[in-house]
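As structure tokens, the structure follows; a few thoughts come after it.
Keep in mind that what you see is a predicted model, and the values were worked out from it rather than measured. Chain letters run A, B, ... following the sequence lines, proteins first, then strands; residues in each count from 1.
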Amino acid sequence: MKKKLNRKFYNRPTLKVARELLGKYLVVKKEGTYVSGKIVETEAYIGPDDPASHAYRGMTRRNKVMFGDPGYAYVYLTYGMHHCLNFVTERKGFPAAVLIRALEPSEGIEIMRKRRKIEDLKNLTNGPAKVCQALGIDRTLNGADLCSDVIYVEDRENEPAKIVFTSRIGIKEGKDKKWRFYIENNEFVSK
DNA sequence: TATTGGATCGCC
DNA sequence: GCGATCCAATAG
């Protein structure tokens, strides 16, 4: 049984959403392609007081979808060349999101190989920018509805996995917070 | 308007 | 370990 996550799922505390996304399947249908993968690593960025969050200094042109309704994609370009995918959480007006850091490729693996221009399965989606490249995600999907048919998350009711929580990666401030989650011993978690 | 640096990746 | 690459954010 496959159940698409509804907006209520995202309209909850971000840490809870970040944890519960692990083991669920991200699906992207674009240009006649269908690709999916199991979410194995996430990070939470929460509220106006999180110094690592783009929303730390208030609303800007880039981060405004973080302040909107839950259940929408926040996609941004970083380092001038890499995209990162987030899911907006919590109530409208409260800026929070979950960064999708890694997937275990499931369906459409050959399409992912072509987009990533590499063969190695374990290197296709083990990082936030790699996920976006493999899934064909760029800023045209910023603000996309996660309850649509283009990009969404499915609960396939698979066995729950053991989860590890650690500090977030690639940030300067806010390292004290253990807001990174991943599935223990999963080979597709980023380095 | 000008300057600075980044929720990364891949190659050296 | 370091350069790529460009745009958003901030300062002037």
Side-chain angles (χ1 to χ4, degrees), chain A residues 10 13-19 21-22 26 28 35 37 39-68 70-90 94-105 112-144 146 151 153 163-183 186-191:
Chain A
Y10 302 99
T14 306
L15 294 177
K16 198 167 251 211
V17 174
R19 271 198 309 269
L21 280 170
L22 295 177
L26 172 57
V28 178
V35 294
I39 299 171
V40 299
E41 180 182 359
T42 60
E43 280 179 2
Y45 289 85
I46 309 175
D49 300 320
D50 175 5
S53 171
H54 287 170
Y56 186 47
R57 289 168 212 285
M59 196 181 342
T60 64
R61 186 168 61 199
R62 178 175 65 170
N63 69 20
K64 72 170 162 34
V65 315
M66 286 184 77
F67 289 78
Y72 289 85
Y74 170 44
V75 182
Y76 64 89
L77 181 71
T78 191
Y79 294 101
M81 64 188 92
H82 298 302
H83 295 278
C84 290
L85 170 66
N86 301 255
F87 298 160
V88 176
T89 57
E90 310 208 32
F94 184 83
V98 175
L99 172 67
I100 305 302
R101 286 196 58 90
L103 304 177
E104 179 177 322
M112 296 192 210
R113 286 199 166 109
K114 204 181 259 181
R115 286 177 177 151
R116 292 271 298 122
K117 302 189 202 313
I118 55 160
E119 287 296 310
D120 181 17
L121 186 67
K122 294 198 183 80
N123 197 21
L124 284 180
T125 52
N126 61 336
K130 297 178 190 178
V131 167
C132 285
Q133 197 180 16
L135 299 184
I137 289 170
D138 60 23
R139 282 176 301 167
T140 62
L141 283 178
N142 187 38
L146 300 174
I151 177 169
V153 179
I163 293 167
V164 181
F165 56 101
T166 68
S167 295
R168 292 172 291 179
I169 290 181
I171 56 168
K172 285 207 176 105
E173 293 178 275
K175 289 207 179 98
D176 52 314
K177 298 176 172 66
K178 302 282 194 284
W179 288 357
R180 172 175 177 244
F181 303 90
Y182 63 90
I183 295 180
N186 187 284
E187 298 179 296
F188 297 88
V189 171
S190 71
K191 311 217 159 49

(message) Need the pair for dA9(C). Rule: Watson-Crick or G-U wobble, both distances under 3.5 Å, any strand; none if unpaired.
(response) dT3(B)
(request) Could you state the atom-to-atom distance from CD of Glu41(A) to C1' of dA7(B) in whole Å? (result) 11 Å
(message) Any donor-acceptor pair, under 3.5 Å, between the side chain of Tyr76(A) and the base of dA8(C), if you only look at N and O atoms?
(response) no
(message) Within the 4.0 Å heavy-atom criterion, would you say Leu77(A) contacts the bases, only the backbone, or no part of the nucleic acid?
(response) sugar-phosphate
(request) Please state how far atom CD1 in Ile171(A) lies from atom C1' in dA7(B), giving the value in whole angstrom units. (result) 8 Å
(message) Just to be sure I understand the rule, does Ala52(A) reach a base, reach only the sugar-phosphate, or reach nothing, if contact means heavy atoms closer than 4.0 Å?
(response) base
(request) Considering non-hydrogen atoms only, spot the tightest contact between Val40(A) and Leu22(A) and give its length. (result) C-CD2, 3.3 Å
(request) On the 0 to 90° scale, with breaks at 30° and 60°, tag the Phe181(A)-Phe165(A) ring pair as parallel, tilted or perpendicular. (result) tilted
(message) Taking the nucleotide of DNA chain B with the nearest heavy atom to each, does Gly80(A) or Pro128(A) sit closer to the 5' end?
(response) Gly80(A)
(request) Quickly work out the His83(A) NE2 to dT5(C) P distance and round it to whole Å. (result) 14 Å
(message) Closest approach to the side chain of Arg62(A), judged atom by atom: which nucleotide of dG6(B), dA9(C), dA7(B) is it?
(response) dA9(C)
(message) For the C1' atoms, the ones on dC2(C) and on dG5(B), what distance do you get once it is rounded to whole angstrom?
(response) 15 Å
(message) Without decimals, in angstroms, what is the distance between Met81(A) CE and dC7(C) C1'?
(response) 12 Å
(request) For Gly170(A) and for Asn123(A), locate the closest nucleotide of DNA chain B by heavy-atom distance; then report the residue assigned to the nucleotide nearer the 5' terminus. (result) Gly170(A)
(request) Round to the nearest Å and state the distance from Met59(A) atom CE to dA8(C) atom P. (result) 16 Å
(message) Measuring from atom OH of Tyr74(A) to atom OG1 of Thr89(A), what distance do you get when rounded to the nearest 0.5 angstrom?
(response) 13.0 Å
(request) Quick one: label Arg57(A) by what it contacts on the DNA or RNA (base, sugar-phosphate, nothing), any heavy atom closer than 4.0 Å. (result) sugar-phosphate
(message) Using every non-hydrogen atom in the two residues, find where Ala102(A) and Val189(A) come nearest and quote the distance to one decimal.
(response) CB-CA, 4.2 Å
(message) Can you see if the side chain of His54(A) gets near the phosphate of dA7(B) - specifically, an N or O under 4.0 Å from OP1 or OP2?
(response) yes
(request) Apply side chain to side chain contact (heavy atoms under 4.5 Å, CB included) to Asn186(A) and Glu41(A), showing your working. (result) CA-CA 9 Å; Asn186(A) 187 284; Glu41(A) 180 182 359; over 6 Å; no
(message) Whole angstroms only, please: what is the CD-P distance between Gln133(A) and dG10(B)?
(response) 7 Å
(message) Please determine whether a side-chain nitrogen or oxygen atom of Lys130(A) lies at a distance below 4.0 Å from atom OP1 or OP2 of dT8(B).
(response) no
(message) From the set dG6(B), dA7(B), dT10(C), return the single nucleotide nearest to any side-chain atom of Arg101(A).
(response) dA7(B)
(request) Please state how far atom CD1 in Ile118(A) lies from atom C1' in dG10(B), giving the value in whole angstrom units. (result) 10 Å
(request) Look at Arg168(A) and dT8(B) and indicate whether a side-chain polar atom (N or O) is within less than 4.0 Å of OP1 or OP2. (result) no
(request) Please step through side chain to side chain donor-acceptor pair (under 3.5 Å) for the pair Arg116(A) and Gln133(A), ending with a clear verdict. (result) CA-CA 6 Å; Arg116(A) 292 271 298 122; Gln133(A) 197 180 16; 2.7 Å; yes
(request) Answer with base, sugar-phosphate or nothing: what part of the nucleic acid does Arg180(A) contact at a heavy-atom distance below 4.0 Å? (result) nothing
(request) Tell me which of Arg139(A) and Tyr79(A) sits closer to the 5' end of DNA chain C, going by the nucleotide each one is nearest to. (result) Tyr79(A)
(message) In whole Å, I'd like the distance from the NE2 atom of His82(A) to the C1' atom of dC9(B).
(response) 4 Å
